[in-house]
Number of protein chains: 2
Amino acid sequence: MATPNLGENPVNIDYVHGYTANESTRLTDQATTLTEPLHADTLYPAGSMVLEVGCGVGAQTVILAANSPGAAFTSIDIRKESLAEAQRRAREAGLAKVTFEHADIFDLPFASACFDHVFVCFVLEHLRRPAAALEALMRVLKPGGSVTVIEGDHGSAYFHPDSGHARRAIQCLVDLQRQAGGDSLIGRRLYPLLVQAGYRDVKVSPRMVYTDASRPALVDGFTRKTFTAMVEGVGEQAVSQGLMDEASWAAGIRGLHRAAEDDGTFCYTFFKAIGSR
Amino acid sequence: MATPNLGENPVNIDYVHGYTANESTRLTDQATTLTEPLHADTLYPAGSMVLEVGCGVGAQTVILAANSPGAAFTSIDIRKESLAEAQRRAREAGLAKVTFEHADIFDLPFASACFDHVFVCFVLEHLRRPAAALEALMRVLKPGGSVTVIEGDHGSAYFHPDSGHARRAIQCLVDLQRQAGGDSLIGRRLYPLLVQAGYRDVKVSPRMVYTDASRPALVDGFTRKTFTAMVEGVGEQAVSQGLMDEASWAAGIRGLHRAAEDDGTFCYTFFKAIGSR
């Protein structure tokens with residue numbers, strides 16, 4: 001969904017969500033809300049060496065490392081400023097077994113077959129060549145080692161009451177991410193991506209987030225503060241590029257907030273794929 | 001998704017899927033494939049009296065009754081021909097505790113508060129007044145008794161590779177069902193429907209069906225034989241009404257079959273709601 005990408009082009013990182021303080025807060029809200037559904041079943045054995053790719057500001061890193069206290073993590077990102085923030089968080093969380101490194105997914109500074117597991121979350125969606133990235137990761141994975149990939153799919157969002165403006169606003173985000181070289185509909189195609197990259201025993205499990213008034217923490221943490229905030233974040237870009245006029249955009253955002261009211265519902269699905277080398 | 005409806009207007013039952021032998025086979029394929037994800041957790045205690053509303057040809061009845069052998073079922077439908085078929089199936093399955101009755105959901109021939117539980121599956125989507133139906137059902141439910149409602153949501157369907165023609169073909173089904181007075185996007189609004197009808201402790205759990213080549217039985221049983229078959233079933237109507245031209249329609253159906261190939265994926269979500277009187 002939205003951690004800073006690794007960028008095939010380090011000079012011009014087109015991270016659709018930007019790198020503001022608001023965005024950093026949103027990433028943390030997102031990670032906290034989604035810890036249970038997305039990460040609870042990612043547990044690495046003691047002694048295993050895990051590569052986390054595109055750790056960004058460390059939103060997932062702290063969850064991963066806390067879940068698997070016996071594993072050693074190497075967390076990489078293309079953006080030095082994000083790594084500094086991630087490092088600060090890991091230190092605050094008292095996580096001793098995480099090493100941060102500045103690295104490019106397409107030019108990994110690691111020997112072949114040196115990791116037991118690779119973890120990639122909200123990264124492939126931002127890459128022009130996600131298949132090539134998966135192939136590059138396989139090189140550093142030991143035979144029998146696992147890759148875990150988690151991605152969202154913005155085409156999986158629907159809600160009640162339905163709103164054409166809200167649907168168009170989401171489509172703006174899809175279009176802008178595509179302009180930036182990414183694919184925010186990538187969740188649904190993780191299976192063929194991993195299979196085509198040569199991974200074996202690929203299993204995909206969708207993680208659907210559904211919110212209604214009986215789940216107020218999820219309405220607030222996900223519908224408002226994660227998804228709607230993410231769409232709102234590209235409003236200026238969408239309007240300035242003429243993808244939507246300002247009034248329609250505002251109506252779209254109102255439509256998303258409407259789905260977070262007491263008689264509204266909201267649905268979104270993440271996809272978690274696991275494969276073996 | 002598609003069991004014969006109860007029709008507010010018994011003279012003119014606009015069941016969008018029709019009543020052909022093919023449709024009866026499709027309903028059985030659907031019910032068998034979906035038994036585990038939709039029905040495995042519906043278990044009624046021995047001695048309880050359960051009303052199944054809109055049993056149609058009995059596709060769900062045989063599953064329900066087999067799961068709860070100690071409960072007594074009264075299964076109703078507005079269409080006598082469907083009831084005869086349902087009765088034949090129940091007899092073949094050796095289910096002794098199911099009674100079939102010809103009845104209209106809006107004019108239930110039962111005393112107030114006489115059932116412990118009410119079960120409604122793929123019915124509300126076909127009704128012009130689903131909220132009124134839920135209110136009518138509450139009358140025959142004992143205080144503290146439960147209602148279980150299961151519905152699909154055709155707006156929850158997405159797939160890889162994406163296909164504009166396939167999306168339009170699905171939209172034709174949504175439009176035709178709306179013409180017939182129904183709402184095939186009803187799944188996402190079960191929560192407010194039940195709450196507004198006065199049910200308490202309403203809990204909705206989405207049941208997402210995801211298929212890829214690692215799940216061949218589901219690809220065949222659901223993507224091809226349930227969902228694609230259902231869309232194909234309204235092809236003549238869609239083309240004759242000019243909703244799509246014949247070539248585009250054919251491309252749409254090909255698009256759905258394409259998603260059932262080895263590098264394709266398909267997603268659809270059912271919603272199961274439970275509430276108390």
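We name chains A, B, ... by the order of the sequence lines, and we start the count at 1 in each one.
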Contact class of [X] relative to chain A, heavy atoms under 4.5 angstrom:
{"X": "V195(B)", "answer": "neither"}
{"X": "A213(B)", "answer": "both"}
{"X": "F159(B)", "answer": "backbone"}
{"X": "D201(B)", "answer": "neither"}

Is the closest side-chain heavy-atom distance between [X] and [Y] below 4.5 Å?
{"X": "P192(A)", "Y": "T265(B)", "answer": "yes"}
{"X": "D263(B)", "Y": "R189(A)", "answer": "no"}
{"X": "Y158(B)", "Y": "L185(A)", "answer": "no"}

> Using a cut-off of under 4.5 Å for heavy-atom pairs, which of V204(B), D262(B), T269(B) has the most such pairs with chain A?
Replying inline: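 With the most close heavy-atom pairs to chain A, the winner is V204(B).
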
>> Quick check on the interface: out of G264(B), P161(B), S214(B), who has the most heavy-atom pairs with chain A under 4.5 Å?
In response: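 Heavy-atom pairs under 4.5 Å are most numerous for S214(B).
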
>> For the CD atom on Q241(A), are there more than 12 heavy atoms of other groups (residues, nucleotides or ligands in this structure) within a distance under 6.0 Å?
In response: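 Result for CD/Q241(A): enclosed.
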
> Has E36(B) got more than 12 heavy atoms of other residues, nucleotides or ligands less than 6.0 Å from its CD?
Replying inline: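 Not buried by this count: 12 neighbours or fewer within 6.0 Å.
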
Spatial distance of atom [atom1] ([X]) from atom [atom2] ([Y]) [nearest 0.5 Å]:
{"X": "H160(A)", "Y": "Y191(B)", "atom1": "NE2", "atom2": "OH", "result": "12.0 Å"}
{"X": "C267(A)", "Y": "M208(B)", "atom1": "SG", "atom2": "CE", "result": "10.5 Å"}
{"X": "F266(A)", "Y": "R188(B)", "atom1": "CZ", "atom2": "CZ", "result": "11.0 Å"}

